[in-house]
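Structure, as structure tokens:
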Amino acid sequence: MKQFWNWKNYQIAWQVEDKDKNSKIAIVLIHGFGACKDHWRFNQKNISSIAPCYALDLIGFGDSSQPNSQISYEKKTSQNFNYCFDNWSQLVYDFCNEIVKKPVLLIGNSIGGVIALNTSKKLSRKCLGVILIDCAQRTMDDKRLAEQSLLMRFFRPVIKTFVRQRLLSSNIFKNAANPTFIEKILKVAYPSGNNVDEELIDLLFQPTQRKGAPEAFRGFINLFDDYLAPDLLKKLDNPVHLIWGEKDPWEPVKEAQKWFETFECIKSLDVIPEAGHCPHDEKPEKVNPILTRIIQDAI
């Protein structure tokens, strides 16, 4: 059942499946960009047979508050919010301390993976580990500029100037915030086509119709200089596990394999055949047993 928590005068929506109230640990699910707590529709109840399982809507998404965006050069006011990994991570950190109140295992998909890594660092020993599902590699970050083509590097200052403009970002968002476009994107993200259904399209579409949705979009597309997963992995002591869709069109599995070979904190890598960017939703019958195994080992 959906509940709300007041965080810094914002309303944060969350839900819990809690079959084992005596468990000494809990699991927290962190969704990716444009998604919400219900994107764990095939996982949360299954996982809760092991330990209480919480899912929340990050600020800007789902049913949570969607304040005006504040990007780097703009003045901070009581009416706006800087959509960035530190602020999202602080939200999850406070949620763990104020709502969950137990040692946690964090599971994040896409940008939720970067948030999980950063939150794990903040929680320290209160975090038992992190599971990254197709973690965002953030290829457009300024720190990866050298990897971009010469043409992209040339036009980058222009692109950054344009996407700051609310008129432009709102128009881009308006064109994308419709069921037809969402279905097209899902068919790219879910290459097997499994579970691309009306329920999924609707749970992604409905939050886009709220008044503040274009502001969350503006904040996110202006994240040009923020955390990269490898930089966080270098400094992390908590165990990390990777689950990756073999055919992820945006976050290549080759990079996940490179991480697995490079960072001592990464203990396992499971590649899901035929799956894309969201294997937990596209192939839950393959992902849930892996999640169960990792969680039981952590306990």
Side-chain angles (χ1 to χ4, degrees), residues 2 10-13 30-39 41 56-85 87-88 91 109-112 114-115 134 136 138-141 152 155-191 193 195-226 248-251 276-278 281:
K2 180 172 67 179
Y10 298 115
Q11 292 299 301
I12 305 301
I30 309 168
H31 64 79
F33 172 71
C36 62
K37 60 188 178 303
D38 295 313
H39 199 207
R41 57 187 176 151
L56 73 160
D57 287 335
L58 296 171
I59 189 166
F61 302 103
D63 294 309
S64 289
S65 294
Q66 297 174 324
N68 287 343
S69 57
Q70 177 245 323
I71 53 181
S72 57
Y73 72 95
E74 295 173 332
K75 184 179 179 181
K76 172 65 181 167
T77 73
S78 60
Q79 303 299 314
N80 61 18
F81 182 82
N82 184 2
Y83 292 96
C84 67
F85 288 108
N87 283 340
W88 280 317
L91 164 62
N109 172 230
S110 192
I111 67 163
V114 182
I115 295 165
D134 294 69
R138 306 198 57 250
T139 55
M140 291 299 291
D141 191 276
M152 177 59 73
F155 281 110
R156 190 176 182 83
V158 178
I159 293 170
K160 290 171 77 170
T161 299
F162 273 120
V163 297
R164 289 175 181 174
Q165 311 307 315
R166 277 190 168 85
L167 181 61
L168 178 65
S169 64
S170 293
N171 281 333
I172 295 172
F173 181 80
K174 184 178 179 181
N175 288 329
N178 66 79
T180 301
F181 184 83
I182 290 170
E183 184 176 9
K184 286 181 180 178
I185 293 298
L186 285 170
K187 286 180 177 178
V188 174
Y190 291 51
N195 295 325
V196 176
D197 52 25
E198 288 185 12
E199 179 188 24
L200 177 60
I201 294 168
D202 192 59
L203 72 85
L204 298 179
F205 170 67
Q206 289 302 328
T208 69
Q209 301 308 291
R210 298 173 57 207
K211 183 180 177 180
E215 286 294 312
F217 177 76
R218 176 180 182 258
F220 177 76
I221 64 173
N222 278 281
L223 274 183
F224 288 106
D225 187 12
D226 211 317
D248 190 325
W250 303 315
E251 315 296 351
H277 188 57
C278 308
D281 192 61

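Along the sequence shown, residues carry numbers from 1.
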- Message: Using a 6.0 Å cut-off, check whether atom NZ of K76 has over 12 heavy atoms from anything other than its own residue.
- Response: yes
- Message: For the CD atom on Q209, are there more than 12 heavy atoms of other groups (residues, nucleotides or ligands in this structure) within a distance under 6.0 Å?
- Response: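 Above 12, so yes.
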Donor-acceptor pair, side chain of [X] and main chain of [Y], under 3.5 angstrom:
X    : Y    : answer
N87  : N82  : yes
D226 : C84  : no
S65  : I59  : no
R138 : L223 : yes
N222 : I71  : no
S110 : A136 : no

- Task: List in chain and number order the residues that pass side chain to side chain contact (heavy atoms under 4.5 Å, CB included) with E198, two or more places apart in sequence or in another chain; answer none if no residue qualifies.
- Result: none
- Set of residues satisfying side chain to side chain contact (heavy atoms under 4.5 Å, CB included) with respect to R210, sequence neighbours excluded: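 Expected list: Q66.
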- From H277 atom NE2 to D134 atom CG, the distance as rounded to the nearest 0.5 Å: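 Separation between the atoms: 6.0 Å.
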- Query: If you round to the nearest 0.5 Å, how far is CD of E251 from CD1 of I111?
  - Reply: 11.0 Å
- Y83 meets the side chain to side chain donor-acceptor pair (under 3.5 Å) criterion, sequence neighbours left out, with none
- Query: Can you name the side chain to side chain donor-acceptor pair (under 3.5 Å) partners of N178, sequence neighbours left out?
  - Reply: none
- Query: Which salt bridge (charged side-chain N to carboxylate O under 4.0 Å, His left out) pairs, counting each pair once, include a residue from residues 199-209, with sequence neighbours left out?
  - Reply: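 Found R41-E199.
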Under 3.5 Å, side-chain donor or acceptor atoms of residues 31-39 against the rest of the protein: list the pairs with distances, not counting sequence neighbours.
unit_1, atom_1, unit_2, atom_2, d
H31, NE2, L58, N, 3.0
K37, NZ, D57, OD2, 2.7
K37, NZ, D63, OD2, 3.0
D38, OD1, Q15, NE2, 3.3
H39, NE2, Y190, OH, 2.9

- In sequence, state the C-alpha distance, the side-chain angles, and the governing distance for L186 and L204, and then conclude on side-chain contact (heavy atoms from CB on, under 4.5 Å). CA-CA 10 Å; L186 285 170; L204 298 179; 3.7 Å; yes
- Task: Would you check if R166 and P214 make a side-chain contact, meaning some heavy-atom pair closer than 4.5 Å?
- Result: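 No, too far: nothing below the 4.5 Å cut-off.
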Between [X] and [Y], what is the shortest heavy-atom contact and its length?
X    : Y    : answer
S64  : A13  : OG-N, 2.9 Å
A213 : T208 : CB-O, 3.6 Å
P249 : A189 : CG-CA, 4.3 Å
E215 : P67  : CB-O, 3.6 Å
N80  : Y10  : O-OH, 3.4 Å

- Message: Using the rule given for side-chain contact (heavy atoms from CB on, under 4.5 Å), can you reason through L56 versus I12, listing the C-alpha separation, both sets of side-chain angles and the distance that settles it, and then say yes or no?
- Response: CA-CA 7 Å; L56 73 160; I12 305 301; 4.2 Å; yes
- Please walk me through it: do Q70 and Q79 pass side-chain contact (heavy atoms from CB on, under 4.5 Å)? CA-CA 9 Å; Q70 177 245 323; Q79 303 299 314; over 6 Å; no
- Would you please classify the geometry between the W88 ring and the F61 ring as parallel, tilted or perpendicular, with 30° and 60° separating the classes? tilted
